[in-house]
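I have placed the structure first, in the form of structure tokens, so that the comments after it can refer back to it.
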Amino acid sequence: MSTLDIRGLEVSVVTEKGQIEILRGVDLTISSGETHAIMGPNGSGKSTLAYSIAGHPKYTITGGSVTLDGANVLEMTVDERARAGLFLAMQYPVEVPGVSVSNFLRTAATAIRGEAPKLRTWVGEVKEAMSALNMDPAFSERNVNEGFSGGEKKRHEIMQLELLKPKIAILDETDSGLDVDALRIVSEGVVRAKEANNLGVLLITHYTRILRYIKPDFVHVFANGRIVEEGGPELADKLEANGYAEYVGA
Amino acid sequence: MSLLATNYLTPSGREEAWRFTPLNRLGGLHDGSVDISDAESMTGPETAQAGVKISRVSRELLAPESQSDDVIVSRAQAECATVFHVEISPGIEVERAIHLRRVIERSGESELSRVRITVGENSRAVVIVENSGNLVLGEDIEIVLAPHSFLKFVTLQEWDAPAIYAARHHAIIDRDATFESVTVTVGGSLVRILPTVEFVASGASAELLGVYFAKEGQHFEHRIHVDHAVPKAKSRVNYKGALSGDKAHTVWIGDVLIRAAAEGTDTYELNRNLLLSDGARADSVPNLEIETGEIVGAGHASTTGRFDDEQLFYLMSRGVPMHEARRLVVRGFFSEIISRIGDEIIQERLMVGIDGELAKAGQ
Ligand SMILES: Nc1ncnc2c1ncn2[C@@H]1O[C@H](COP(=O)(O)OP(=O)(O)O)[C@@H](O)[C@H]1O
Ligand SMILES: [Mg+2]
């Protein structure tokens with residue numbers, strides 16, 4: 001049983017125009033087996049929250065705390081956070097030229113597991129993860145995210161989620177840019193990871209359609225850098241009907 | 001060989017061609033003060049192959065096929081008593097790569113060298129020059145491709161730390177012939193190579209690839225010159241370099257000339273540099289001169305930068321430690337070119353060497 005605890009988190013970015021405040025005190029607790037949906041309009045700070053938890057160097061934490069089972073996440077380096085059990089499926093996964101998917105996956109699995117996976121079982125593991133996500137085996141010879149379609153990038157992110165078996169995963173708009181079939185395949189991958197590892201999920205999304213496949217236990221509405229309303233799955237239905245108008249501008 | 005003739009124009013360092021080169025580190029190759037021995041270090045493979053003749057012939061039998069305004073190349077052309085000749089018969093597909101290596105009698109001795117590689121009509125071959133050890137060497141390599149021939153020409157500069165190498169690798173490419181080169185420079189004190197291409201008939205193509213990795217104090221210079229003098233030739237240039245350590249200096253010049261007669265030319269040149277530490281300097285000067293508008297395409301790009309934070313973040317967010325993430329990124333950066341060598345043993349040796357340098361530099 002793991003718990004990611006976010007308390008009063010305040011985050012800024014430094015731009016040419018100086019430091020701008022994006023997150024203005026976020027409180028959120030996610031435990032193993034739970035699914036939390038964060039929904040909010042574009043620009044409300046959802047990706048900033050995701051990147052800050054993962055430790056992206058662009059963001060400066062100006063207040064609050066993040067702990068994983070009591071350990072101070074904010075003091076950890078990016079790789080330490082991943083090894084502690086955090087995972088971020090990125091909205092815009094990064095191209096790494098010249099590094100093959102197979103080399104990347106094995107390097108990551110070695111780092112996370114603390115030892116190189118046995119070659120024979122590893123090959124099978126990767127094959128299985130790829131076929132479950134409807135990915136062509138030739139995929140593993142391509143360079144990480146290079147020339148991937150939007151859907152391929154997202155499948156690749158979820159494949160890592162299944163192989164690296166984190167405790168808590170943040171999925172940043174994993175649904176965006178996916179057609180209906182890809183959305184279903186990717187969602188099933190998330191559900192498999194949940195069931196296999198009692199994963200806790202923080203699902204960031206703009207739309208409600210992914211919630212048909214990944215049922216949230218809690219829904220948080222995000223606007224202007226903070227959570228403005230919280231509730232159960234029924235809150236998503238309300239957003240579906242009314243949009244974010246009542247939360248923005250105010 | 002006796003004293004060098006002195007009727008050459010000694011560069012002052014202000015000339016365009018020499019302005020980046022530290023002349024005082026050329027071992028006297030440029031001004032004739034070097035004491036040339038009679039060493040002939042280039043050697044061919046021990047086992048013969050059908051259609052490949054390797055010999056050392058006297059200069060009278062093999063006059064230069066081209067001229068150069070480079071003083072060191074001119075000296076080599078004028079003063080070398082013999083030419084190392086690799087001759088590939090027409091209509092032959094040479095089975096195994098032809099490896100040429102250096103055998104050095106006295107470490108640090110000085111040498112001028114001429115090499116000729118001729119590829120017969122409709123032939124295919126791979127030649128790999130493995131430069132290692134310690135020499136002060138001025139060299140002119142002329143590569144002559146007959147119509148419809150193919151040559152992959154790989155040169156490895158894995159010289160010992162004090163070595164000095166100033167050379168021209170000049171390809172003369174006839175109708176519908178294809179020249180592919182991979183130039184790797186990772187060792188030596190000063191390496192200055194002029195990879196040059198001369199198209200003599202239409203339909204020919206040249207791909208010039210290169211990687212270099214300069215560490216503390218090393219000066220690695222590559223001055224590409226592609227002369228599109230005839231119609232419908234294609235050239236691609238792609239050099240990638242990394243620099244690490246104080247006063248590591250690399251120079252990449254990409255001169256591509258499309259003459260008025262060269263209609264239908266298709267050319268693109270690219271140079272990327274990765275700065276791994278402070279105190280290193282990469283000069284990169286693409287230079288495209290176009291005298292006709294009737295071309296298929298002409299372009300160039302040059303970038304010099306540090307590690308991409310987004311790439312490192314992505315890898316580290318998967319648990320990969322910083323040093324390992326950097327290693328992956330650098331390997332990935334070079335692999336596009338190194339994988340084109342086509343020799344697994346050499347490729348792995350170079351990659352392991354690069355890993356070692358990164359580890360040493362504490363990257
Ligand atoms: N590096 C940055 N530089 C400048 N502004 C930024 C940067 N990152 C985010 N922002 C700004 O912060 C706000 C929140 O961005 P983001 O977290 O990406 O929102 P969301 O993911 O909810 O669409 C936006 O107004 C965005 O323009
Ligand atoms: Mg976002």
Side-chain angles (χ1 to χ4, degrees), chain A residues 50-59 76-116 141-146 153 156-157 159-161 163-166 169-170 172, chain B residues 182 184 209-213 238-242 270-274 276 301 303-341 344 347-348 350-352 354-355 358-359 362-363:
Chain A
Y51 278 132
S52 301
I53 296 168
H56 195 293
K58 200 166 69 181
Y59 299 96
M76 299 178 195
T77 57
V78 174
D79 53 312
E80 284 169 348
R81 295 178 199 210
R83 293 199 297 275
L86 295 175
F87 181 86
L88 168 60
M90 294 185 203
Q91 184 174 359
Y92 303 108
V94 182
E95 294 183 4
V96 191
V99 178
S100 70
V101 167
S102 68
N103 183 14
F104 164 65
L105 292 176
R106 196 169 156 77
T107 306
T110 303
I112 297 277
R113 297 176 191 183
E115 59 177 357
E141 296 317 312
R142 292 171 64 183
N143 292 335
V144 172
N145 292 318
E146 210 175 49
K153 283 184 182 164
H156 182 228
E157 294 292 283
M159 174 168 65
Q160 295 168 55
L161 173 68
L163 288 171
L164 300 179
K165 304 182 179 26
I170 304 164
D172 191 3
Chain B
V182 185
V184 177
L209 304 174
V211 294
Y212 46 85
F213 188 170
N238 185 1
Y239 270 65
K240 288 182 152 185
L270 178 62
N271 176 226
R272 288 191 192 290
N273 293 295
L274 186 54
L276 301 175
T303 61
T304 296
R306 295 181 177 274
F307 274 111
D308 182 321
D309 282 343
E310 297 299 329
Q311 286 177 12
L312 293 180
F313 173 71
Y314 188 76
L315 296 171
M316 290 174 71
S317 77
R318 272 48 175 155
V320 180
M322 173 77 94
H323 64 92
E324 179 78 7
R326 287 178 172 227
R327 197 180 70 88
L328 274 179
V329 168
V330 173
R331 269 189 169 236
F333 176 74
F334 281 133
S335 74
E336 179 194 1
I337 308 282
I338 288 182
S339 67
R340 295 287 303 277
I341 293 172
E344 296 283 342
Q347 289 171 194
E348 193 49 30
L350 292 171
M351 284 300 191
V352 167
I354 288 164
D355 287 351
L358 286 175
Q363 300 291 343

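Labels below follow one simple rule: chain letters A, B, ... track the order of the sequence lines, proteins then strands, and each chain is numbered from 1.
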>> I want to check something: taking the side chain as every heavy atom from C-beta on, are A/Val96 and B/Leu328 in contact at a cut-off of under 4.5 Å?
In response: no

>> List the residues meeting side-chain contact (heavy atoms from CB on, under 4.5 Å) with A/Ala54, not counting sequence neighbours, and say none if there are none.
In response: A/Leu88, B/Phe313

>> Quick check: closest heavy atoms across A/Ala82 and B/Ser317, and the distance to 0.1 Å?
In response: CB-O, 3.3 Å

> What are the two closest non-hydrogen atoms of B/Arg318 and A/Ala108, and how far apart are they?
Replying inline: O-CB, 3.6 Å

> Does any heavy atom of chain A fall under 4.5 Å from the side chain of B/Glu310, the backbone, both, or neither of them?
Replying inline: both

> How far does NE2 of B/His323 sit from CG of A/Asp79, to the nearest 0.5 angstrom?
Replying inline: 8.5 Å

>> So for atom CZ, which belongs to B/Arg272, do other residues, nucleotides or ligands contribute more than 12 heavy atoms lying within a distance under 6.0 Å?
In response: no

>> With a 4.5 angstrom heavy-atom cut-off, is it the side chain or the backbone of A/Asn143 that approaches chain B, or both, or neither?
In response: neither

> Can you name the residues that form a side-chain contact (heavy atoms from CB on, under 4.5 Å) with B/Ala325, not counting sequence neighbours?
Replying inline: B/Leu312, B/Leu315, B/Met316, B/Val320

>> Give me the atom names and distance for the closest heavy-atom approach of B/Ser335 to A/Gly98.
In response: OG-O, 3.4 Å

>> Does any backbone or side-chain atom of A/Glu80 lie under 4.5 Å from a heavy atom of chain B? Answer side chain, backbone, both or neither.
In response: neither

> With B/Tyr314, which of A/Val94, A/Val99, A/Val78 fulfils side chain to side chain contact (heavy atoms under 4.5 Å, CB included)?
Replying inline: A/Val94

>> Report which part of A/Pro93 has an atom under 4.5 Å of a heavy atom belonging to chain B: side chain, backbone, both, or neither.
In response: both

>> Just so I know, are the side chains of B/Glu324 and A/Thr107 near enough to count as touching, which here means a heavy-atom distance under 4.5 Å?
In response: yes

